[in-house]
S.K.: 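First, the structure itself, so that you have it in front of you.
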Amino acid sequence: MMFERAILHIDGDSFFASCEVAKNPSLKGKPVITGRERGIVSAMTYEAKAKGIKRGMILSEVRRICPDAIILPSDYETYSIFSKRMYAIVRRYTDIVEEYSIDECFAGIEGPNGREVATSIKQTLERELGMTFSIGLSATKVLAKIGSKWKKPDGLTVIALKDAPLYLDKTPVEKIWGIGPATSLLLNSRGVRTALEFSLKNDAWVRGLLAKPYVEIWKELNGEVVNELDVDGRQTYKSIAKTKTFTPPSHDPAFVYSQLSKNVENACIKLRRWHLEAREAHIFLKTQSFAYHDAKISLPHPTSAPQEILSAISKSFPRIFQRGVRYRATGISLMNLIDSQLPKQLNLFNEYSSGDDIKAVYESMDALSSRYGKHAVFLCSSFSAMNHKNPQDGYGATSERTTNIFKGESGRKRLGIPMLGEV
DNA sequence: TCTGGGGTCCTAGGACCC
DNA sequence: TCTGGGGTCCTAGGACCC
């Protein structure tokens with residue numbers, strides 16, 4: 001029909017909430033919400049949406065407007081299983097699959113009967129996963145994205161190039177994938193409000209106003225493939241970040257430091273899970289008024305041990321921490337990551353860098369955590385953060401969860417042992 | 001959208017060199 | 001030491017995504 005190769009965009013409808021319903025079919029037809037651990041709505045079923053519940057809404061507000069709402073904590077392990085099943089089903093139809101995110105993928109469809117293939121994929125996904133998907137089929141990723149958003153939930157929209165103007169005319173520029181608030185404002189200021197108006201501008205106009213990514217979007221709106229599918233989904237990270245907001249904000253350096261320390265521990269857990277080591281760290285403190293105090297630290301050698309990172313951080317922390325300022329969050333981003341399983345470089349003195357012993361300690365700590373729950377063992381410097389009960393967690397005053405120390409995040413009772421050390 | 005958390009890519013401009 | 005021209009590399013920050 002219209003393309004020799006079409007691109008399919010598949011998007012799980014209310015994915016997290018749908019996974020919960022698929023996991024527990026008795027929830028079907030009910031207003032189900034995920035995000036309990038954060039205290040705000042993360043995902044919701046269409047039944048919940050119909051009651052006026054919105055993403056980001058505070059849970060107390062949810063209970064007020066919808067007392068029968070079922071509010072569940074996020075269960076990423078389950079979502080990830082459904083995600084993998086989704087990819088696997090799509091791969092029965094084509095090898096050209098890009099795993100774009102936990103609830104979305106792109107697929108390349110060869111041949112003339114794209115619509116039939118898309119229909120069949122959709123039916124199979126729904127039958128085998130017990131949830132609906134919205135699908136767009138067109139010549140480029142940007143157009144396929146417009147297609148999958150066109151009818152939600154449970155939609156299938158094929159955008160042939162000759163019909164594209166009909167769809168683009170009804171799409172405001174800010175709804176185009178890759179065009180955010182800043183660029184929308186810029187385009188609007190030049191009188192461009194719809195995707196159609198944008199697509200009709202000439203090459204010189206677009207290049208004169210916008211940077212490369214937007215020139216590419218403009219081409220894709222016109223049916224020219226610029227973004228090929230990234231099928232070789234060897235997932236790895238260029239950076240790993242952990243950040244956490246706490247309430248109420250604090251001006252106590254020891255408490256703020258413990259929050260940072262906990263974030264460092266969490267970032268390092270993820271680092272080790274992916275067999276990575278960091279050469280560089282970026283820390284920040286977010287003030288009550290949303291200003292950032294930050295520092296960049298280069299690590300003496302690649303590491304995934306929180307002590308080593310913390311000992312580097314502890315020198316910068318007093319410099320960026322300002323007395324009397326209240327902070328609401330801390331964060332760390334680890335960058336310049338290398339594969340820890342690669343052979344080690346010798347240093348100038350032809351010795352392996354220190355840190356190999358500490359590695360053994362962390363293998364044991366990770367083993368303990370997998371047996372007894374996350375943070376079964378943790379650094380002393382994280383102690384007050386581990387103890388801290390965060391009201392935003394959405395647990396009531398009579399919370400069953402008193403502290404992380406005596407009750408694991410799994411809910412099992414246990415005794416955590418703070419690991420005593422230098423930091 | 002009264003602002004949570006985790007990522008990636010691009011570019012302007014500074015530092016530095018010849 | 002008021003002063004041309006050209007190139008590369010790196011970093012900070014902007015913008016965007018889910």
Side-chain angles (χ1 to χ4, degrees), chain A residues 9-17 34-43 54-59 61 73-74 76 79-80 83 86 98-106 134 141-142 145-146 148-149 173-187 207 209-217 220 226-227 230 233-247 249 259 262-263 266-267 269-271 273-274 276 278-280 282-284 286-298 327-337 390-394:
Chain A
H9 180 248
I10 301 168
D11 193 347
D13 296 320
S14 318
F15 189 69
F16 292 178
T34 69
R36 194 175 81 185
E37 75 289 351
R38 281 203 289 159
I40 57 167
V41 175
S42 173
K54 301 205 176 353
R55 256 184 75 98
M57 191 177 267
I58 309 282
L59 293 183
E61 171 77 356
S74 307
Y76 289 97
Y79 311 153
S80 162
S83 184
M86 166 180 80
E98 175 178 333
E99 302 179 1
Y100 182 69
S101 78
I102 194 155
D103 65 338
E104 290 178 39
C105 67
F106 290 99
S134 292
K141 282 185 175 180
V142 171
K145 269 273 198 182
I146 289 175
S148 65
K149 275 207 214 171
V173 285
E174 64 267 24
K175 300 278 188 194
I176 302 169
W177 182 48
I179 301 216
T183 309
S184 298
L185 218 56
L186 179 61
L187 286 170
R207 285 175 202 278
L209 186 68
L210 300 167
K212 185 173 137 192
Y214 307 98
V215 177
E216 295 180 351
I217 290 167
E220 293 229 329
V226 183
N227 290 298
D230 179 11
R234 40 124 192 67
Q235 211 214 330
T236 188
Y237 290 100
K238 303 203 164 153
S239 70
I240 283 177
K242 287 287 170 186
T243 149
K244 194 80 163 176
T245 302
F246 42 87
T247 47
Q259 288 288 331
K262 183 177 178 182
N263 283 331
N266 284 332
I269 288 168
K270 186 163 176 183
L271 218 46
R273 190 179 309 139
W274 287 87
L276 293 168
R279 280 186 285 212
E280 203 181 311
H282 181 205
I283 57 169
F284 68 83
K286 195 200 254 185
T287 71
Q288 198 172 14
S289 47
F290 291 84
Y292 289 86
H293 298 165
D294 62 338
K296 222 185 73 181
I297 294 132
S298 60
Y327 293 96
R328 70 188 332 266
T330 71
I332 176 146
S333 184
L334 299 172
M335 288 160 309
N336 219 324
L337 308 182
N390 191 336
Q392 279 196 342
D393 283 358

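Here the structure is a predicted model, which means the values were calculated and not measured.
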S.K.: Between C1' on C:dC17 and CD on A:Glu99, what's the gap in Å once rounded to a whole number?
M.R.: 17 Å
S.K.: Please check the phosphate of C:dC16 (OP1 and OP2 only) for any side-chain N or O of A:Thr183 closer than 4.0 Å.
M.R.: yes
S.K.: Is the distance from OP1 or OP2 of B:dG4 to the nearest side-chain N or O of A:Arg328 less than 4.0 Å?
M.R.: yes
S.K.: Measure OH/A:Tyr100 against C1'/C:dC17 and give the value in whole Å, please.
M.R.: 5 Å
S.K.: OP1 or OP2 of C:dA12 versus the side-chain N and O atoms of A:Lys296: is any pair under 4.0 Å?
M.R.: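 Yes, because at least one side-chain N or O of A:Lys296 sits under 4.0 Å from OP1 or OP2 of C:dA12.
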S.K.: Please confirm whether A:Lys286 makes a cation-pi placement over A:Tyr327, using NZ or CZ under 6.0 Å from the six-membered ring centre and within 45° of the ring normal.
M.R.: no
S.K.: For Watson-Crick and G-U wobble pairs within 3.5 Å on both distances, what is DNA chain C written in dot-bracket notation, | included for inter-strand pairing?
M.R.: ....||||||||||||||
S.K.: If you compare every side-chain N and O of A:Ser239 against the phosphate oxygens of B:dT8 (OP1, OP2), does one of them come in below 4.0 Å?
M.R.: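 So the side-chain polar atoms of A:Ser239 do come within 4.0 Å of the phosphate oxygens OP1 or OP2 of B:dT8, strictly under.
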S.K.: Counting any heavy atom closer than 4.0 Å, what does A:Ser333 reach on the DNA or RNA strands: base, sugar-phosphate only, or nothing?
M.R.: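 Counting heavy atoms under 4.0 Å across all strands, no contact is made by A:Ser333.
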S.K.: Flag as yes if A:Phe290 stacks onto the base of B:dT3 (centroids under 5.5 Å, planes under 30°), otherwise no.
M.R.: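 The ring of A:Phe290 is stacked on B:dT3.
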S.K.: Identify whether the distance between the nearest side-chain nitrogen and carboxylate oxygen of A:Lys145 and A:Glu104 falls below 4.0 Å.
M.R.: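 A salt bridge links A:Lys145 with A:Glu104.
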S.K.: Less than 3.5 Å apart, any donor N or O on the side chain of A:His9 or A:Ser148 sitting next to an acceptor on the other?
M.R.: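 Yes, side-chain donor-acceptor contact under 3.5 Å.
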